[in-house]
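Heavy atoms only: backbone and side chains are in, while hydrogens, waters and symmetry mates are out.
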Amino acid sequence: MIASGLEPKRLSAAGYADQSPVAGNDTAENKAKNRRIEITLVPNLDDLPPIDEALKADAKGESPGAP
C-alpha cells in the first residue's frame, strides 16, 4: 500500500488472533481461520460533503453535490 502511494503515517497494523479468535484453536482448520487480516477503510471526513447537504440530497433522491 505504501509502495502505491499511501502515506505511512495513515497506516497501522495490529494483531488480535489470540485475543479475538473467530474459531476455537482446537483444529488446524480453525487455527487457519484465526490467521486472518482485516482491512478497515476510514474516509477522510474533510473530503465528505457537509451532512446537511448530504441529508437534503438524500431526501430528494440525488447525489450529494448534485446541481
(request) Would you mind listing the cluster partners of Ile51? Hydrophobic ones only (ILVMFWY), side-chain contacts under 4.5 Å, chaining allowed. (result)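 Its cluster partners, ordered by chain and number, are Leu55.
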Can you list everything that forms a side chain to side chain contact (heavy atoms under 4.5 Å, CB included) with [X]? Sequence neighbours excluded, please.
| X | value |
| --- | --- |
| Leu6 | Met1, Arg10, Leu11 |
| Thr40 | Val42 |
| Val22 | Lys33, Asn34, Arg36 |

(request) Please indicate whether Glu29 has more than 12 foreign heavy atoms, meaning atoms of other residues, nucleotides or ligands, lying under 6.0 Å from its CD. (result)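 Incorrect, the count does not exceed 12.
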(message) For Asp26, give me all partners under side-chain hydrogen bond (donor to acceptor under 3.5 Å, both in side chains), at least two apart in sequence or on another chain.
(response)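 Checked Asp26 against side-chain hydrogen bond (donor to acceptor under 3.5 Å, both in side chains); matches are Asn30.
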